[in-house]
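All remarks here apply to the structure that follows.
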Amino acid sequence: MEFIPYSCQSIEDADVEAVVTALRSPFLTQGPEIPAFEAAFASLHQVEHCIAVANATAALHLACLALGLGPGDRGWTVPNSFVASANCIRYCGAEVDFVDIDPATRVMSVERLAEKLAAAKADGTLPKVVIPVDFAGLPADLPAIRALADEYGFYIVEDASHAVAASRDGVMVGSRWADITVFSFHAVKVVTTAEGGLCATRDPALAQRIRLLSSHGITRDPALMESQPEGGWYYEQVALGYNYRMTDLQAALGRSQLARLPAMHARRAELAARYDRLLAPLPVKLLQTAEGLVSALHLYVIEVDAAKTSATRATVFAALRDAGIGANVHYIPIHLQPDYRRLGFGEGQFPAAEAYYASAISLPLHPRLTDEQQDYVVEVLRQALG
Ligand SMILES: *Cc1c(COP(=O)(O)O)cnc(C)c1O
């Protein structure tokens with residue numbers, strides 16, 4: 001059997017045609033596809049302001065900047081995420097810290113957050129920004145985190161890089177609780193623009209700030225200028241921004257992908273339900289999704305259950321890879337990366353994220369995975385687990 005990746009983009013003729021049409025248009029960079037993609041995303045997520053940018057790492061950086069995060073401030077995220085969730089805090093010159101995960105859901109633990117906030121209040125070290133992550137596509141407990149944000153006065157940047165079209169009780173991710181929600185359209189994510197990201201917010205002032213900072217801090221809007229325009233050529237740089245813009249080619253791909261998302265998500269849901277059924281008898285821990293939550297199903301993660309098998313994560317992972325299955329591990333806890341250890345972090349600080357990491361394996365899950373390939377993954381896994 002050919003190599004089976006853990007994740008893989010789904011590109012069909014409609015996607016190719018959309019990109020080719022944009023390529024033949026007068027615009028490659030800042031053309032009509034970008035606002036059209038932003039409008040389609042805003043409509044899907046029921047959130048008024050969407051700013052498409054180069055990637056989600058840039059979107060996280062812009063979100064923190066727009067909220068005024070800077071030197072002397074603190075930002076918290078979870079250890080169980082991609083490093084970008086924490087790096088954005090450091091890009092702004094702020095101090096980073098972490099909140100442990102809930103082992104059942106693998107997202108930020110509301111209890112750990114509440115404890116840490118109470119201690120920080122006593123010390124005068126409250127965070128300015130907290131970044132929960134919708135790990136694997138499952139929405140973090142944003143209603144509870146919003147209640148704490150209102151009590152302690154921090155901003156929420158929801159890292160929904162995994163969670164395009166996820167929802168809680170019918171409320172789309174990004175539409176209600178967070179100040180700014182960030183999405184990724186990297187090729188392994190559920191919707192792709194090759195590289196790409198987006199900031200979503202209900203706040204028009206934040207949206208304006210993000211847009212400004214995403215393009216050098218330059219404006220052509222006289223309302224934002226400090227002087228009268230000197231002519232049609234005139235623009236002003238009114239803040240120090242970046243070139244974090246998306247291109248029209250990427251936006252065209254994104255819009256085509258959004259149109260195909262319901263079908264792609266339906267296939268992910270079918271495969272995830274199939275894994276749930278086929279893996280139930282095996283010595284692994286599966287995610288129990290709470291009622292009312294719709295996951296984007298970016299990742300399908302199992303945990304090798306040490307109480308029920310002598311196989312280890314390392315032996316199971318090696319067996320999968322030897323069989324041509326691109327299993328992966330999400331995530332090495334961020335605080336254990338060398339660049340974070342140098343800041344003083346180390347083992348034992350976030351035990352739930354560390355324990356989860358020690359047993360976790362991400363199995364292949366993407367719309368192009370066939371039932372036959374999935375059966376093969378399950379068979380290899382069954383043998384490896386003994
Ligand atoms: C992929 C990812 C990012 C970064 O996304 P890019 O678009 O590759 O910059 C950030 N956070 C999480 C949780 C991710 O999975």
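Just so it is clear, the model here is predicted, and its values are computed rather than measured. Counting starts at 1 for both ligands and their atoms, following the listed order.
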Rounded to the nearest 0.5 Å, what separation is found between the OH atom of Tyr155 and the CG atom of Asp203? 9.0 Å
Close N/O pairs between ligand 1 and protein, under 3.5 Å:
residue: ligand 1; atom: 5 (O); partner: Ser184; partner atom: OG; Å: 3.3
residue: ligand 1; atom: 7 (O); partner: Ala56; partner atom: N; Å: 2.8
residue: ligand 1; atom: 7 (O); partner: Ser184; partner atom: OG; Å: 2.8
residue: ligand 1; atom: 9 (O); partner: Ala56; partner atom: N; Å: 3.3
residue: ligand 1; atom: 9 (O); partner: Thr57; partner atom: N; Å: 2.9
residue: ligand 1; atom: 9 (O); partner: Thr57; partner atom: OG1; Å: 2.6
residue: ligand 1; atom: 11 (N); partner: Asp159; partner atom: OD2; Å: 2.8
residue: ligand 1; atom: 11 (N); partner: Ser161; partner atom: OG; Å: 3.4
residue: ligand 1; atom: 15 (O); partner: His162; partner atom: NE2; Å: 2.6
residue: ligand 1; atom: 15 (O); partner: Lys189; partner atom: NZ; Å: 2.9
residue: ligand 1; atom: 15 (O); partner: Tyr331; partner atom: OH; Å: 3.1

Please identify each residue that fulfils side chain to side chain donor-acceptor pair (under 3.5 Å) with Gln237, with sequence neighbours left out. none
State whether Tyr331 and Arg106 meet the cation-pi test: NZ (Lys) or CZ (Arg) under 6.0 Å from the six-membered ring centroid, and within 45° of the perpendicular axis. no
Under the ring-ring contact (aromatic ring centres under 6.0 Å, His included) definition, can you give me all pairs with a residue in residues 9-38, not counting sequence neighbours? Phe37-Phe185
Tell me every residue that passes side chain to side chain donor-acceptor pair (under 3.5 Å) with Asp141, counting only those two or more places apart in sequence or in another chain. none
State the CD-CD1 distance between Glu354 and Ile332, to the nearest 0.5 angstrom. 13.0 Å
